[in-house]
Amino acid sequence: MRMEVRKQLSGGSKFPEIDVFGDVYVRPGNELAESFQMTMREKSQLVLQESASQLPPDTPLEDLKVDEKINRDYSYKKAFMPRRELLYQEITHSMPPEKISIFKSLDDWAKDNILTHLKPVEKCWQPQDFLPDPAASRDDGFHEQVKELRERAKEVPDDFFVVLVGNMITEDALPTYQTMLNTLDGVADETGSSPTSWAVWTRAWTAEEKRHGDLLNKYLYLTGRVDMSQIEKTIQYLITFGMDPGGENNPYLGFIFTSFQERATAISHGNTAKLAKKHGDLKLAQICGIIASDEKRHEAAYTKIVTKLFELDPDYTVISLAHMMRKKITMPAHLMYDGRDDHLFQHFSGVAQQLGVYTANDYADILELLLATWKVQTLVGLSPEGRKAQEFVCGLPPRIRKLEERAQARTKQPPMSVPFSWIFGRQVRLL
Ligand SMILES: [Fe+2]
Ligand SMILES: [Fe+2]
């Protein structure tokens, strides 16, 4: 049976006599290639077994029954859902329907004020601009550049890699964020190629963001310092689990969330750039820095949308801001999981906090800055509910700082070492 499948598999090959899994040329003494060949052999067994169990293409659909026993033993839904306690009770479509017209009427405004924060594709950097050139000549080109990259990465400590990997995974769950934006009433891309300014923004924003995950992912792959399989698994889990920012399909809440988040990512990538520089990896510092500068443009656009909402509809906007802050701004990757560590996100955030890449104080700083940008303190003519919301959000930054200090003092735990599968289970000390 196996031989038959193998014959079938090689049927389409120009070189049927070559076993694609087994006959890899290995230069004598090249241990890396030898171990690669072994892995390929193991994988070939799996591929062959899988192929052997495939049904012929003309199998009638009625014959594709789910195995009752497997269904009983294995809860598929459970396998694709995060742990229950991490989910909110989600409220949907909370924006009063008449407010949709505000966003429709802002389409021209968005064209002149929001799309201007995008960069034309031809003027954008691409991941390849910062990576070894695979088309460069073999001897002094690609291999040399990879060697240099790996030399530089050698000096970078494990805890930094944990944070960089966490940032990369957060970027790579981009399908979730585009989905989130397209759940927002009045601004969603209803066709996938809608010509409204809102839809154009979301698609172009996504396309700009895609470069972030691509660049970090390829860079990390080339360093050889991280377990790419575990990282890829974490990305697959994260996209499968999604996120729950509590946006309620409400663009007021959604754009408050994105204003906050873009600034948070700008801070985070900016701080990883500083750390990379400190560890002597100037190329990596440049990579993190260039990503941070994209995030800043995005922050400017989202913040401007909310500024406009404050101008047109201050009462509902300040109430929305208070509502969002009561729920607390969720981190986009809060449901991350690697198949091993049930507290992966807390552990990753712990390392980020420890290295000063993103801290509880940053959270308070972001809120303070947004309150100042939106001039929330000086809003006038609000309803009693609006005034209450204004008072609540304006008093929040010092309260967050105080609560954080108290929580830190209360939960002062002895230092512990946490293994991260992303760095082959090596431990990182959390103080
Ligand atoms: Fe990004
Ligand atoms: Fe971003």
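These figures come from a predicted structure and were not determined experimentally. The residues of the chain are indexed from 1 along the displayed sequence. Numbering of ligands and ligand atoms starts at 1, following listing order.
- Of the angles at the Fe ion (ligand 1), the one spanning OE1 of Glu171 and OE2 of Glu295 is 130° when given to 10°.
- Glu262 contributes OE1 as its N, O or S atom closest to the Fe ion (ligand 2).
- Closest N/O/S atom of Glu209 to the Fe ion (ligand 1): OE1.
- When only modelled atom types and interatomic distance are considered, Asn249 and Thr92 share no side-chain donor-acceptor pair under 3.5 Å.
- Ring planes of His298 and His212: parallel class, angle under 30° (limits at 30 and 60°).
- Among the atoms of Asp294, no N, O or S atom is found under 2.8 Å from the Fe ion (ligand 1).
- Under the 30°/60° scheme for interplanar angles, the aromatic rings of Trp374 and Phe310 are found to be tilted.
- Not a single N, O or S atom of Glu299, from either the backbone or the side chain, sits less than 2.8 Å from the Fe ion (ligand 2).
- Among the backbone and side-chain atoms of His212, an N/O/S atom is found under 2.8 Å from the Fe ion (ligand 1).
- The side-chain heavy atoms of Asn217 and Met228, taken from C-beta on, include a pair separated by under 4.5 Å.
- Under the 6.0 Å cut-off for aromatic ring centres, Phe161 and Trp422 do not qualify, their centroids lying 6.0 Å or more apart.
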